[in-house]
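To keep things clear, I will list the structure first and then write my remarks on it.
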Amino acid sequence: MDRRDSYNAVMQTNGLKHNWTRDDVRAIYTKPLLDAVFAAQAVHRQYFPRGEVQLCQLLSVKTGGCPEDCAYCPQSAHYETGVERQPLLAVDHVIRTAEDARNHGVTRFCMGAAWRQVNDGPEFDAILEMVRGVSSLGLEVCCTLGMLNESQAQRLAEAGLHAYNHNLDTSPEFYGQIITTRTYEDRLRTIEHARKAGITVCCGGIIGMGESDDDRIGLLHQLSTLDPHPESVPINLLARVEGTPLGDAEPLDSFILVRTIATARILMPASRVRLSAGRRSLSREASALCFMAGANSIFVGEKLLTVPNPARSEDEALMEDLDLRPLHHA
Ligand code: SAM
Ligand code: DTB
Ligand code: SF4
C-alpha cells in the first residue's frame with residue numbers, strides 16, 4: 001500500500017487501528033503541514049462534536065524532591081530549580097480546590113505527585129480519600145503518581161479513579177538521554193496495570209527536548225499501537241525550567257507541535273488529544289492551529305503542576321474568539 005492507500009483504509013473502515021507501522025506514522029507526520037491539519041480536522045469531526053474543548057485542571061498534591069532524574073523536570077531532586085518542596089497536601093484542601101475548579105467550568109481534575117512510585121501506607125490512603133472526594137464532585141478524576149503495581153491500581157479504581165496519567169515521554173531510542181532512573185518497559189508496565197484495573201489511560205509525551213522528527217514519530221508509533229489506544233493523549237511542549245539539564249534547550253518551532261498533534265489525531269481518532277504544557281510560549285494563532293489539528297482539551301488555571309500557565313482570562317478570550325466551547329459535565 002502506498003501512503004495514500006494506507007490512510008484511506010482507515011477512513012473507509014472508520015475504525016480504530018492499532019497495527020500502525022512506523023512507516024505509516026512517518027507518512028502521516030511528513031505530509032505537507034496543511035494537508036496533515038486538514039486530514040486531522042476531517043477525522044476529528046467524525047469522532048467529536050466540533051468546537052468542543054475539555055477544560056482540565058492540575059494540582060500538585062506533593063511537590064519536588066523527586067528521586068528520578070527526568071531531564072525536563074523542575075521537581076527532580078537532582079537539579080537546583082527553585083521549586084519549593086511541599087509534602088502531601090491535606091485531603092480537604094485538595095477537595096476544595098477541585099470544587100472551585102468545577103465551579104469554573106473544569107470537568108477533569110488531575111492530581112500529580114513527585115514520586116518515583118506509589119508506596120502503600122498512609123500517604124496512599126490519603127490519595128484514595130482524595131480520589132473518592134473529587135470523584136464525588138462529579139469530576140473526571142485523574143492521578144499521576146509515578147509507577148504503580150496491580151493492587152494499587154485496583155484500589156485506585158475502587159476509589160473511583162477515572163484515568164491514570166503516565167507518559168512514555170519520547171521514543172524508546174531517545175528515552176535514555178532523558179531519564180536513566182526508570183526504563184521504558186517500567187512505564188509500559190504501569191500503563192498495563194492501570195488498564196487491567198479498568199482505569200482509562202492518559203499517556204503522551206513531551207516534544208522540544210532536542211529529539212528528532214524520527215523520535216517524535218517513534219513516540220507516536222508507540223502510543224498508537226497500544227491496544228486499546230490511550231483514551232487521553234497529552235502532547236506537552238517542553239516548559240523549559242532553569243536548573244534542569246533542558247533549561248536552555250532550543251525552542252521548538254510551533255509548526256512541529258501542530259504536526260505532532262495532527263498525527264496523533266489521525267492515528268488515534270477517538271482519543272482526547274490534549275494541548276498540555278508549554279502553551280505560554282504559543283501565539284494565539286499557533287494555538288488555533290493546534291485546535292484545527294485536532295487538539296480538544298487544554299489545562300487551565302494559573303499553574304500546571306509547578307510552572308505558570310496562561311491566565312484564565314486569556315484562555316477565555318481565545319476560546320471565545322475561536323468559537324470554541326467548554327465541554328460540559330455529563
Ligand atoms: N512523578 C510522576 C511521573 O513522572 O510519573 C508524575 C508527575 S510528572 C511531573 C507528569 C508528567 O509531566 C511527566 O511524565 C512529563 O511528561 C510531564 N512534565 C514534567 N515536567 C515537564 C516540563 N518541564 N515540560 C513539559 N512536560 C513536563
Ligand atoms: C501531562 O502530560 N502534562 C501535565 C500532566 N500530564 C500531569 C503536567 C505538565 C507538567 C509541566 C511541568 C510542571 O508544571 O511542573
Ligand atoms: Fe519525578 Fe515525575 Fe518529575 Fe520525573 S517527571 S522527576 S518522576 S516528578
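Counting begins at 1 with the first residue of the sequence. In listed order, ligands and their atoms are each counted from 1.
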Part of [X] within contact of ligand 2 (heavy atoms, under 4.0 Å):
X      : value
Thr144 : side chain
Leu305 : both
Cys202 : neither

Does some non-hydrogen atom of Gln117 fall short of 4.0 Å from ligand 1?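 No, that is not the case, since the closest heavy atom of the residue is not under 4.0 Å from the ligand.
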Tell me, please: is Gly146 in heavy-atom contact with ligand 1, that is, under 4.0 Å?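 Yes, Gly146 has a heavy atom closer than 4.0 Å to ligand 1.
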Is any side-chain heavy atom of [X] less than 4.5 Å from a side-chain heavy atom of [Y]?
X      : Y      : value
Gln46  : Pro269 : no
Ile127 : Arg155 : no
Asn103 : Glu99  : yes
Arg116 : Met147 : yes
Asn236 : Leu304 : no
Val241 : Tyr79  : no

Show which atoms of ligand 2 fall inside a sub-4.0 Å distance from at least one heavy-atom site of [X].
X      : result
Pro234 : 2 (O)
Thr306 : 13 (C), 14 (O), 15 (O)
Leu304 : 14 (O)

Taking all atoms of both residues into account, what is the closest heavy-atom pair of Pro230 and Arg195, and its distance?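 Scanning both residues completely, I find the closest heavy atoms to be CA-NH2, 4.1 Å.
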Closest contact, heavy atoms only, Pro74 versus Thr306: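 Taking every non-hydrogen atom into account, CG-OG1, 3.4 Å.
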Nearest neighbour in protein (non-hydrogen) for [atom]:
atom                    : result
atom 10 (C) of ligand 1 : Thr144 OG1, 3.9 Å
atom 24 (N) of ligand 1 : Ala239 N, 3.0 Å
atom 8 (S) of ligand 3  : Ala114 CA, 3.6 Å
atom 6 (N) of ligand 2  : Asn165 OD1, 3.2 Å
atom 3 (N) of ligand 2  : Asn236 OD1, 2.9 Å
atom 11 (C) of ligand 1 : Asn167 ND2, 3.8 Å
atom 20 (N) of ligand 1 : Tyr72 CD1, 3.3 Å

Any non-hydrogen protein atom below 4.0 Å of atom 8 (S) of ligand 1?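 No, because not a single protein heavy atom sits under 4.0 Å from atom 8 (S) of ligand 1.
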Quiz question for you: does at least one protein heavy atom lie closer than 4.0 Å to atom 2 (Fe) of ligand 3?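 No, there is no protein heavy atom closer to it than 4.0 Å.
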Is the closest side-chain donor-acceptor distance between Thr183 and Asp186 under 3.5 Å?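 Judged by distance alone, the side chains do pair up.
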Would you say the side chains of Arg279 and Ser287 form a donor-acceptor pair under 3.5 Å?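 There is no such pair (donor and acceptor under 3.5 Å, judged by atom type) between the side chains of Arg279 and Ser287.
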Distance filter under 4.0 Å to Tyr72 heavy atoms, resulting ligand 3 atoms: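 This gives 5 (S) as the contact atoms.
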Atoms in ligand 3 with a heavy atom of Glu68 nearer than 4.0 Å: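 In order of number, 1 (Fe), 4 (Fe), 6 (S), 7 (S).
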What do we get for [X] next to ligand 1 when only non-hydrogen atoms under 4.0 Å count, side chain, backbone, both or neither?
X      : value
Ala277 : side chain
Arg182 : side chain
Val307 : neither

Is Arg182 near ligand 3, meaning one of its heavy atoms is under 4.0 Å from it?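 Contact present.
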Tell me, yes or no, whether the heavy-atom count around [X] atom [atom1], taken from other residues, nucleotides or ligands under 6.0 Å, exceeds 12.
X      : atom1 : result
Glu242 : CD    : no
Phe124 : CZ    : yes
Glu250 : CD    : no
Arg50  : CZ    : no

Metal proximity, Cys70 vs atom 1 (Fe) of ligand 3, N/O/S cut-off 2.8 Å: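 Not a single backbone or side-chain N, O or S atom of Cys70 is under 2.8 Å from atom 1 (Fe) of ligand 3.
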Gln75 N/O under 3.5 Å from ligand 1 N/O: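 No, since none of the N or O atoms of Gln75 sits under 3.5 Å from an N or O of ligand 1.
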Option with minimal heavy-atom separation from [atom], where the choices are [options]:
atom                    : options                       : answer
atom 26 (N) of ligand 1 : Ile235, Thr81, Ile206, Leu305 : Ile206
atom 1 (N) of ligand 1  : Cys73, Cys202, Gly208, Ala113 : Ala113
atom 5 (C) of ligand 2  : Val233, Asn167, Leu58, Asn309 : Leu58

Contact between ligand 2 and Pro74 is defined here as a heavy atom of the residue under 4.0 Å from a ligand atom; is it met?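 Heavy atoms of Pro74 do come under 4.0 Å of ligand 2.
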Where does the angle between the aromatic ring planes of His18 and His229 fall among parallel (under 30°), tilted (30 to 60°) and perpendicular (over 60°)?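 His18 and His229: tilted rings.
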Element-labelled atoms of ligand 1 that are located less than 4.0 Å from some non-hydrogen atom of Trp115: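 In order of numbering, the contacting atoms are 1 (N), 2 (C).
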Just which atoms of ligand 1 are under 4.0 Å from any heavy atom in His166?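 Reading through ligand 1 atom by atom, the close ones are 5 (O).
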If I take every N, O or S atom of Cys73, is at least one of them less than 2.8 Å from atom 3 (Fe) of ligand 3?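 Cys73 does place an N, O or S atom closer than 2.8 Å to atom 3 (Fe) of ligand 3.
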CG/Leu168 to OH/Tyr184 distance, rounded to the nearest 0.5 angstrom?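 Here the rounded value is 4.0 Å.
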Under the salt bridge (Lys or Arg N to Asp or Glu O under 4.0 Å) criterion, do Arg189 and Glu185 qualify, and how do the steps go? CA-CA 6 Å; Arg189 210 169 304 121; Glu185 289 66 39; over 6 Å; no
Working note: Asp169 + Arg187, criterion salt bridge (Lys or Arg N to Asp or Glu O under 4.0 Å); need CA distance, chi angles, decisive distance, verdict. CA-CA 10 Å; Asp169 280 349; Arg187 289 186 183 250; 3.4 Å; yes
